[in-house]
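Below, chains carry the letters A, B, ... as their sequence lines are ordered, and counting in each starts from 1.
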2 protein chains.
Amino acid sequence: MSRDGRSGAESVDPEQLWLRPAEPRRGRRPSFSREAITAAAVALADAEGLEAVTMRRVAADVGAGVMSLYSYAPDKETLLELMVDHVCGELTVTDPPSGDWRADLRAVARLQRAHMLRHPWLPVALSTRRVPGPNTLAFLEHVLAVLRPTGLDGAAKLEVFAQITAFVAGHVAHEIAQGAVSRSPDRAAAEGRYLAAVAADGCHPELAEALSAPGRPLTPDATFTRFLNRLIDGLDTD
Amino acid sequence: MSRDGRSGAESVDPEQLWLRPAEPRRGRRPSFSREAITAAAVALADAEGLEAVTMRRVAADVGAGVMSLYSYAPDKETLLELMVDHVCGELTVTDPPSGDWRADLRAVARLQRAHMLRHPWLPVALSTRRVPGPNTLAFLEHVLAVLRPTGLDGAAKLEVFAQITAFVAGHVAHEIAQGAVSRSPDRAAAEGRYLAAVAADGCHPELAEALSAPGRPLTPDATFTRFLNRLIDGLDTD
DNA sequence: CTCTATTCTCGTACTGCGTACGAGAATAGA
DNA sequence: TCTATTCTCGTACGCAGTACGAGAATAGAG
């Protein structure tokens, strides 16, 4: 266990984790499964947020003792990894790329956005580096196929994938937080009063003006589309 | 305490937190200061990562009892909020906008990137919604001034600020994670072997090709600039 | 059928976290 | 000097992740 300290990205050995078809034909038969445990953890995160996902809660939901989970995942960090890849299984795309790679890429990003809105914990879970599991790789495979007509080299394509994903995650995280604030009237009111007070102090003329002339309210959807188009339209200007 | 559960964004009342010049002229004189405590927490996060920032460690570093911290911040979440705004004090920009808002915006983003690389915990800390403190607001004020020539309305300018910040955070988070992996030879090797194994299974032709024809290696710096330009160059195409 | 090696289950227990509580110390005005 | 106020911090509680190891279940060997 090499605690380097500086970053929390103590990720898991991918070979140990993903390249195990399992073959132990001796000893006690497993009572649970990695699948079931992961699914329970995902359901919990969907329903009550990531911080509700504790080993005790997951074990209880699945009907196991706490320590039994450790037969299926070496630690909680790994369970998170499994959760991320598990939900990536929903990202299956059946139709092949159309040839219009811009349109395809837009569709990919929209798919990712819907996906992350359905699993609001995903942007947070993705904010630390993950090793791609099989489902993630299947999706990546599709995105690479979409990018084929661009003629970009391998590293560049991977980079585009990472950037698009990061962009969508960032946007959705913001979108969720914004929604959570405006859904709580007292919090929204408090924030409004605070910003109004700051704007009234005379030291923030630009902010004061921005708040007094807000313009038409922006829907998250429109904003997402707009920024996404900017990003994608610029993609072949190298 | 309204635990809504679904999101971890239980933020703090901004009026209570930021609009307090402090005036208690009675009672025991404080032995420490919010400043000092926040600075200690920041130093700790810089040196050993965010997960090293515990109330006990911060208290020890500052020479206080653990519970004394709670006279300066109501809880740890708030301390994080203070840390974020504290480091935003480094973002002071003295020169006024040049008038070339694209160039100014690029400079802003580069400043943010350097800032986040100096405080690698910042992207993570920013991934949950924060109420802007005074230093953050001062920087926002500058960015709004930069955006004045665009003629965008208030909401749109704020949106641009949020997007640029999210973009930089996403990029830097990726950059840091990537760097951490490649700085550890065994981990990089394990990941390489894993991906090679996946590429060799025949089910991932695109990935196989991308890995076999990587092209010239991309420096984070160049990639950042490229994507940033794409984002900014698209900004007036509404 | 029994023995043994193997694998999984899970109660107990340890460490470390955030923080509620409240007794005591320091200070300012009456 | 007294009292109200404010800050300090030792103790303690509940919950987190998980190390340990005893016991239960299973598969092949004899």
For this session: Could you encode protein contacts along nucleotides 23-30 of chain D as a string, one character per nucleotide from 5' to 3', using B for base contact, S for sugar-phosphate-only contact and - for no contact, with a heavy-atom cut-off of under 4.0 Å?
Result: BBBBSS--
Exercise. Residues two or more places apart in sequence or in another chain: which of them pass side chain to side chain contact (heavy atoms under 4.5 Å, CB included) with B:Pro205?
Worked result: A:Glu141
For this session: For B:Glu159, enumerate each residue passing the salt bridge (charged side-chain N to carboxylate O under 4.0 Å, His left out) test, keeping only those at least two apart in sequence or located in another chain.
Result: none
For this session: Give a yes or no on whether the backbone of B:Leu19 and the side-chain of A:Tyr194 come within a donor-acceptor separation of less than 3.5 Å.
Result: no
Exercise. Can you tell me if the side-chain N/O atoms of B:Ser31 get under 4.0 Å from OP1 or OP2 in D:dC7?
Worked result: no
For this session: Just jot down the side chain to side chain donor-acceptor pair (under 3.5 Å) partners of A:Asp221, sequence neighbours excluded, or say none.
Result: A:Arg113
Exercise. Excluding sequence neighbours, so at least two apart, what forms salt bridge (charged side-chain N to carboxylate O under 4.0 Å, His left out) with A:Glu35?
Worked result: none
For this session: Starting from C1' on C:dG16, measure out to CD on B:Glu51 and report it in whole angstrom.
Result: 14 Å
Exercise. If you round to the nearest 0.5 Å, how far is CD of B:Gln163 from CG of B:Leu231?
Worked result: 7.5 Å
When you compare the protein's N or O atoms with those of nucleotides 10-14 of chain C, which come within less than 3.5 Å of each other, and at what distance?
| residue | atom | partner | partner atom | Å |
| --- | --- | --- | --- | --- |
| C:dC10 | OP2 | A:Gly65 | N | 3.1 |
| C:dC10 | OP2 | A:Ser68 | OG | 3.1 |

Problem set entry | Residue among A:Asp85, A:Thr92, A:Val108 satisfying side chain to side chain contact (heavy atoms under 4.5 Å, CB included) with A:Phe139 | A:Val108
For this session: Name all pairs fulfilling the salt bridge (charged side-chain N to carboxylate O under 4.0 Å, His left out) condition that reach into residues 52-62 of chain A, sequence neighbours left out, sorted by first residue then second.
Result: A:Glu48-A:Arg57, A:Arg57-A:Asp61
For this session: Strictly below 4.0 Å, heavy-atom distances to any atom of DNA chain C: list the hits from residues 34-44 of chain A, or just say none.
Result: none
Exercise. How many Å lie between CG on B:Leu80 and P on C:dT19, as a whole number?
Worked result: 11 Å
Exercise. Which dot-bracket notation, 5' to 3', represents the base pairing of DNA chain C when pairs are defined as Watson-Crick or G-U with both distances under 3.5 Å, crossing pairs as [ ], and inter-strand pairs as |?
Worked result: ||||||||||||||||||||||||||||||
For this session: With sequence neighbours excluded, give me every ring pair (Phe, Tyr, Trp, His ring centres under 6.0 Å) pair touching residues 114-133 of chain A.
Result: A:His115-A:His119, A:His119-A:Trp121
Seminar exercise, completed: Residues pairing under ring pair (Phe, Tyr, Trp, His ring centres under 6.0 Å) where one sits in residues 64-94 of chain B, two or more places apart or in two chains, turn out to be none
Exercise. Between B:Tyr70 and D:dT8, is there a side-chain N or O to OP1/OP2 distance below 4.0 Å?
Worked result: no
For this session: Send over the distance from A:Arg57 CZ to D:dT18 P, rounded to a whole Å.
Result: 18 Å
Exercise. Side-chain donor-acceptor pair under 3.5 Å between B:Arg130 and B:Thr128, yes or no?
Worked result: yes
Exercise. Under the side chain to side chain donor-acceptor pair (under 3.5 Å) test, which residues partner B:Asp201, sequence neighbours left out?
Worked result: B:His204
For this session: Could you tell me whether the side chain of B:Thr223 and the main chain of B:Thr219 form a donor-acceptor pair under 3.5 Å?
Result: yes
